[in-house]
Amino acid sequence: MKIFGRRAEVVPSPNIWYHTEVYERENEIQDADGDLWKHLAAVAPWRGRDVVDVGCGDGFHLPRFATTARSVVGVEPYSPLVRRARRRLAGHPRADVVTGTAQRLPLPDGSADVLHARTAYFFGPGCEPGLREAERVLRPGGALVIVDLDVRTPPYGEWMLADLPHYRADKVDAFFAAEGFTCERVATRWRFPDRGSLEAVLRIEFSPRVAARAVVETLRSNSGRRGELELVVGYRVLLRREPAGLLRPSEPLAGHGTLTEL
């Protein structure tokens, strides 16, 4: 993927790679009302289906899928996170985690019904290799669903743009539209138990200058509240379905010897 003018097979994710415990807290804080999950269940239902989560990190979202999916496979390039994700999946026999990248998925052709990626790899121009891999892995009628933060929703989006002055939302939107995606915007609430959690999370997401601004503005918007602090954060949910046709018979992805690691 092309990041800041260069191409790399794997680009480190500075929040979860280097601040894993704080990122775990952030995952618990996000989408406090479950609005993203409700939307995903409506547009790309996973009950009884084979699911792949690309860039799954330490597997925070995998148990949610595994509760009702036929099988779940998380794909993650960073070995320490792969190990954490596998430990998280203890007790979920139909779920697994493999080492791999979005542009080289270690999965068979036509083996998944839903491919999910949340704030990972698929950020716009440059992610074409991953899109082609998703096409290969998905069955006819399968869904590729990409969840990303929405820079058009303040205040979080404004803070993102302050750190990414060269980001062009119109260009990114046009890219995904040309690739056949629909886009729906979902506003969510992040709920912080205290100021310490707020500061810790925002500091791993933004530069020191922007994080300081974000803390001040969030505290100001919560003036008069006691205890928990809230923050509105918007997401884009991008969805593309593979052309429908005869489904290929396939064994579930997890636990049947059909996976090979890179």
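Residues take their numbers from the sequence shown, with the count starting at 1. Keep in mind that this is a model prediction, so the values were computed, not measured.
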For the pair [X] (side chain) and [Y] (backbone), establish whether a donor and an acceptor sit closer than 3.5 Å, ignoring hydrogens and angles.
{"X": "Asn27", "Y": "Phe60", "result": "no"}
{"X": "Arg225", "Y": "Glu228", "result": "yes"}
{"X": "Arg139", "Y": "Ser111", "result": "yes"}
{"X": "Glu128", "Y": "Gly126", "result": "yes"}
{"X": "Arg240", "Y": "Glu179", "result": "yes"}
{"X": "Tyr121", "Y": "Gly55", "result": "no"}
{"X": "Arg70", "Y": "Asp50", "result": "no"}
{"X": "Arg136", "Y": "Leu107", "result": "yes"}

Where [X] and [Y] come nearest, the two heavy atoms and their spacing:
{"X": "Gly91", "Y": "Pro93", "answer": "O-CD, 3.4 Å"}
{"X": "Ile16", "Y": "Gly57", "answer": "CD1-CA, 4.0 Å"}
{"X": "Ala162", "Y": "Val210", "answer": "CB-CG2, 3.9 Å"}
{"X": "Leu239", "Y": "Ala143", "answer": "CD1-CB, 3.9 Å"}
{"X": "His19", "Y": "Pro14", "answer": "CD2-O, 3.4 Å"}
{"X": "Ala134", "Y": "Leu105", "answer": "N-CD1, 4.5 Å"}

Side-chain contact, heavy-atom cut-off 4.5 Å: [X] with [Y]?
{"X": "Phe122", "Y": "Val54", "answer": "yes"}
{"X": "Thr153", "Y": "Arg185", "answer": "no"}
{"X": "Val75", "Y": "Pro106", "answer": "yes"}
{"X": "Leu62", "Y": "His92", "answer": "no"}
{"X": "Trp17", "Y": "Leu81", "answer": "yes"}
{"X": "Tyr156", "Y": "Phe206", "answer": "yes"}

Taking the basic N atoms (NZ, or NE/NH1/NH2) and the acidic carboxylate oxygens, is any pair closer than 4.0 Å for [X] and [Y]?
{"X": "Arg118", "Y": "Asp53", "result": "no"}
{"X": "Arg83", "Y": "Glu76", "result": "no"}
{"X": "Glu135", "Y": "Arg132", "result": "yes"}

Can a side-chain donor-acceptor contact be found between [Y] and [X] if the only test is distance below 3.5 angstrom?
{"X": "Glu230", "Y": "Asn222", "value": "no"}
{"X": "Thr188", "Y": "Asp31", "value": "no"}
{"X": "Trp159", "Y": "Glu205", "value": "no"}

Between atom [atom1] of [X] and atom [atom2] of [Y], what is the distance when rounded to the nearest 0.5 Å?
{"X": "Thr119", "Y": "Ile146", "atom1": "OG1", "atom2": "CD1", "result": "11.5 Å"}
{"X": "Arg241", "Y": "Thr182", "atom1": "CZ", "atom2": "OG1", "result": "8.5 Å"}
{"X": "Ser221", "Y": "Leu231", "atom1": "OG", "atom2": "CG", "result": "7.0 Å"}
{"X": "Thr218", "Y": "Phe192", "atom1": "OG1", "atom2": "CZ", "result": "6.5 Å"}
{"X": "Leu229", "Y": "Arg189", "atom1": "CG", "atom2": "CZ", "result": "12.0 Å"}
{"X": "Asp109", "Y": "Glu133", "atom1": "CG", "atom2": "CD", "result": "8.5 Å"}

Test side-chain contact (heavy atoms from CB on, under 4.5 Å) applied to Phe181 and Val145, Asp173, Leu131, the passing residue: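 Per the side-chain contact (heavy atoms from CB on, under 4.5 Å) rule, the option paired with Phe181 is Leu131, out of Val145, Asp173, Leu131.
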
message: Just to verify, which of Val72, Thr68, Asp113, Leu115 counts as forming a side-chain contact (heavy atoms from CB on, under 4.5 Å) with Val51?
response: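 So, applying the side-chain contact (heavy atoms from CB on, under 4.5 Å) to Val51 and each of Val72, Thr68, Asp113, Leu115, only Val72 qualifies.
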
- request: Show your reasoning for whether side-chain contact (heavy atoms from CB on, under 4.5 Å) applies to Asp148 and Tyr235.
  value: CA-CA 6 Å; Asp148 197 12; Tyr235 291 84; over 6 Å; no

message: Using a 6.0 Å cut-off, check whether atom CZ of Arg152 has over 12 heavy atoms from anything other than its own residue.
response: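 Yes, CZ of Arg152 has more than 12 neighbouring heavy atoms, counting only those of other groups under 6.0 Å.
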
task: Report the C-alpha separation of Leu219 and Leu198 in whole Å, then their side-chain angles, then the decisive distance to 0.1 Å, and conclude whether the side-chain contact (heavy atoms from CB on, under 4.5 Å) test is met.
output: CA-CA 9 Å; Leu219 291 175; Leu198 169 73; 3.9 Å; yes

field: Pair Glu24-Asp58, side-chain contact (heavy atoms from CB on, under 4.5 Å): steps then yes or no
entry: CA-CA 9 Å; Glu24 175 81 7; Asp58 65 355; 3.3 Å; yes

- request: Fit a plane to each ring of His116 and Trp37, take the angle between them on a 0 to 90° scale, and name the class: parallel (under 30°), tilted (30 to 60°) or perpendicular (over 60°).
  value: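 Parallel.
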
- request: Could you check Val82 against Arg86 for side-chain contact (heavy atoms from CB on, under 4.5 Å), going step by step and ending with a plain yes or no?
  value: CA-CA 6 Å; Val82 171; Arg86 287 174 175 163; 3.6 Å; yes

message: Centre-to-centre under 6.0 Å for Tyr23 and Tyr18, is that the case here?
response: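 No, ring centres 6.0 Å or more apart.
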
message: I'd like to know if Val232 and Val147 are part of one continuous hydrophobic network [Ile/Leu/Val/Met/Phe/Trp/Tyr, side-chain heavy atoms within less than 4.5 Å].
response: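 No, because Val147 and Val232 fall into different hydrophobic clusters, even though each may have its own neighbours under 4.5 Å.
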
task: Given salt bridge (charged side-chain N to carboxylate O under 4.0 Å, His left out), test Arg220 with Glu217 step by step and report yes or no.
output: CA-CA 5 Å; Arg220 183 183 303 134; Glu217 292 181 6; 5.1 Å; no

